[in-house]
Amino acid sequence: AQLNMQPHVIVSGAGVGATVIRGTASFGVVRGSGNSAISDLTIEGTANPSSQVEGFFLPAIAPGDAPFRIYNLSVHADAGPGNSASGITADGAQAADIFNVDITVTGGISAVGIVVRPSSGVTFRSGSINVSGSSSSALAVAISGGSATIRDSDLAANVATALVRAVSVTNGVLVLDDVNVTGVTTSGSQALGIVSIGSTAVITDSSVTTQGVFPTAIGMQAQSGSTATIRNTKIESNLTGLTSFASAVTVDNSVLIGPSSAAQTDGAGSSLLIGASRLEGGAASGTNGALLVCAGVYDENFVFSTNICP
């Protein structure tokens with residue numbers, strides 16, 4: 001079953017948990033439309049054996065249409081034992097404003113909280129995303145060719161055996177402000193708090209925590225020509241704090257923690273500039289022609305250095 005919203009229509013329930021829309025539709029238990037909004041209800045989607053499930057699906061809207069508004073909602077998508085699920089998918093929706101929405105996605109082969117596809121722009125404020133139980137991959141936010149601005153929110157992917165990328169952006173734009181990001185896997189092949197691939201990322205006043213197994217547990221990784229600016233942010237992993245591969249990363253007034261290495265940059269043309277920050281754990285390194293600069297930094301023992309990376 002699927003609820004297809006119509007243009008210029010507002011769907012409003014009696015409150016989260018009081019009004020519940022349930023279904024199994026692969027392109028949204030609820031499917032949005034231009035110049036419309038939905039609020040004050042719960043959406044529950046369950047994958048059937050033959051197809052994935054998406055709690056809310058935002059298709060492309062006409063140029064000039066008002067941003068689609070989603071607020072005061074709870075969205076739950078359950079992939080079951082052998083399928084895929086996402087909480088909200090923006091598929092070419094030029095603009096979507098999501099406020100005070102809690103998303104949970106569980107089970108399946110692949111579980112994603114929010115999917116942002118090319119030409120889509122999403123603003124997510126004062127909400128939470130929790131992804132758990134997947135057997136292959138788990139992502140709280142997956143951006144591919146689109147953009148997402150996330151503020152005052154909690155994002156978490158926590159699974160036992162799956163690959164974890166709590167926030168992933170490829171050829172897109174990511175802005176995080178006052179956001180807590182957590183990525184945990186107990187035995188999965190990879191744990192990344194944030195990964196930026198050929199993208200622009202701006203992260204301020206946030207916290208990123210990653211826990212995984214050797215060799216890939218990284219708080220944040222920038223690669224393939226990414227540009228990242230990090231301010232007033234703590235990035236922590238049980239292995240490596242921050243890595244920059246063929247990318248340009250600037251860090252100011254932040255904390256980088258990694259027992260193996262607090263920060264690494266690698267490859268000609270890659271740069272990592274760190275100023276007025278604490279580097280805790282293994283030594284920072286720049287290899288294969290990468291530029292590593294530390295200005296006014298200190299280690300976990302508060303030993304200060306004007307221009308040497310501890």
Side-chain angles (χ1 to χ4, degrees), residues 140-141 150 153-159 163-169 174 176-196 201-223 226 228-245 247-266 270-287 290-310:
V141 178
I150 304 173
S153 298
D154 297 314
L155 315 175
N158 190 332
V159 294
L163 174 152
V164 165
R165 294 183 171 188
V167 178
S168 174
V169 53
L174 170 69
L176 299 182
D177 181 20
D178 191 18
V179 175
N180 297 314
V181 178
T182 304
V184 176
T185 180
T186 55
S187 61
S189 62
Q190 186 181 91
L192 297 173
I194 300 172
V195 57
S196 174
V202 178
I203 303 167
T204 57
D205 299 314
S206 296
S207 172
V208 182
T209 303
T210 304
Q211 183 172 343
V213 296
F214 185 84
T216 308
I218 301 169
M220 178 175 175
Q221 182 177 92
Q223 57 177 278
S226 289
T229 301
I230 302 164
R231 301 188 186 95
N232 304 321
T233 292
K234 180 180 179 182
I235 300 177
E236 179 177 7
S237 169
N238 66 322
L239 287 177
T240 304
L242 171 68
T243 61
S244 171
F245 299 134
S247 296
V249 178
T250 301
V251 181
D252 280 310
N253 295 300
S254 296
V255 178
L256 306 178
I257 301 174
S260 176
S261 175
Q264 298 176 349
T265 182
D266 181 79
S270 189
S271 64
L272 177 55
L273 313 180
I274 306 172
S277 298
R278 186 171 93 226
L279 277 64
E280 182 176 328
S285 64
T287 53
L291 174 65
L292 174 64
V293 175
C294 289
V297 300
Y298 58 99
D299 65 14
E300 62 268 33
N301 298 310
F302 289 84
V303 176
F304 180 79
S305 173
T306 56
N307 58 7
I308 297 175
C309 294

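FYI, the numbering just counts along the sequence from 1. These numbers come from the heavy atoms of this one structure, side chains and all, not from hydrogens, waters or symmetry mates. Given the structure is predicted, the values throughout are model-derived calculations rather than measurements.
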* Check the pair Leu242, Val251 against side chain to side chain contact (heavy atoms under 4.5 Å, CB included), reporting the backbone distance first and the verdict last. => CA-CA 10 Å; Leu242 171 68; Val251 181; 3.7 Å; yes
* **side chain to side chain contact (heavy atoms under 4.5 Å, CB included) between Met220 and Ile203, intermediate numbers included** => CA-CA 11 Å; Met220 178 175 175; Ile203 303 167; 3.5 Å; yes
* side chain to side chain contact (heavy atoms under 4.5 Å, CB included) between Leu291 and Leu272, worked out -> CA-CA 6 Å; Leu291 174 65; Leu272 177 55; over 6 Å; no
* Would you sort out whether Asp154 and Val179 count as a side chain to side chain contact (heavy atoms under 4.5 Å, CB included), showing the intermediate values? => CA-CA 6 Å; Asp154 297 314; Val179 175; over 6 Å; no
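We find the CD-CD1 distance between Gln221 and Ile194 to be 12.0 Å, quoted to the nearest 0.5 Å. Distance check, rounded to the nearest 0.5 Å: OG1 of Thr209 to CG of Asn180 gives 8.0 Å. Once rounded to the nearest 0.5 Å, the distance linking CG of Leu192 with CG of Leu163 reads 7.0 Å.
Checked by atom type and distance alone, the side chain of Ser277 pairs as donor or acceptor with a backbone atom of Asn253 at under 3.5 Å. Using modelled atom types, one side-chain atom of Ser247 and one backbone atom of Ser226 make a donor-acceptor pair closer than 3.5 Å. Under a 3.5 Å cut-off, the side chain of Thr210 and the backbone N or O of Gly193 do form a donor-acceptor pair. In this structure a side-chain-to-backbone donor-acceptor pair under 3.5 Å is present from Ser270 to Ser244. Using modelled atom types, one side-chain atom of Ser261 and one backbone atom of Ala283 make a donor-acceptor pair closer than 3.5 Å. With hydrogens and angles disregarded, a donor-acceptor distance shorter than 3.5 Å links the side chain of Asn238 to the backbone of Gly212. With hydrogens and angles ignored, the 3.5 Å screen pairs a side-chain donor or acceptor of Ser254 with a backbone N or O of Asp252. Panel note: side chain Thr240, backbone Ser260; no donor-acceptor pair is recorded below 3.5 Å. A donor-acceptor pair is defined here as one N or O able to donate and one able to accept, closer than 3.5 Å; such a pair exists between the side chain of Asp299 and the backbone of Asn301.
Closest approach of Val297 to Ile308, counting heavy atoms only: CG2-O, 3.7 Å. Here the closest heavy-atom approach between residue Val208 and residue Gly219 is recorded as CG1-O, 3.3 Å. Shortest non-hydrogen contact noted between Pro259 and Ser237 is CD-O, 3.2 Å. Contact detail for Ala284 and Leu279: the closest heavy-atom pair is CB-CD2, 3.8 Å. Contact record, Gly188 with Val213: O-CG2, 3.2 Å, taken as the closest heavy-atom pair. Residues Val293 and Cys309 approach most closely at C-SG, 4.0 Å, considering heavy atoms.
Residues Val167 and Leu174 form a side-chain contact, since some pair of their non-hydrogen atoms from C-beta on lies under 4.5 Å apart. Residues Lys234 and Ile257 have side chains in contact (heavy-atom distance under 4.5 Å, counting atoms from C-beta outward). Asp177 has its side chain within reach of Asp205: a pair of non-hydrogen atoms, C-beta onward, lies under 4.5 Å apart. A 4.5 Å side-chain heavy-atom check between Thr250 and Ile230 finds every atom pair outside the cut-off. Between Gln190 and Ile218 the shortest side-chain heavy-atom distance does not fall below 4.5 Å. Here the side chains of Asn158 and Thr182 are not in contact, with every heavy-atom distance at 4.5 Å or above. Under the 4.5 Å side-chain criterion, counting only non-hydrogen atoms from C-beta, Arg231 is in contact with Thr229. In this structure the side chain of Leu176 never reaches within 4.5 angstrom of the side chain of Thr204, judged on heavy atoms.
At a cut-off of 3.5 Å, with distance as the only test, no side-chain donor of Ser206 or Thr233 sits close to an acceptor on the other residue.
Heavy-atom contacts from other residues, nucleotides or ligands closer than 6.0 Å to CZ of Arg278 number more than 12.
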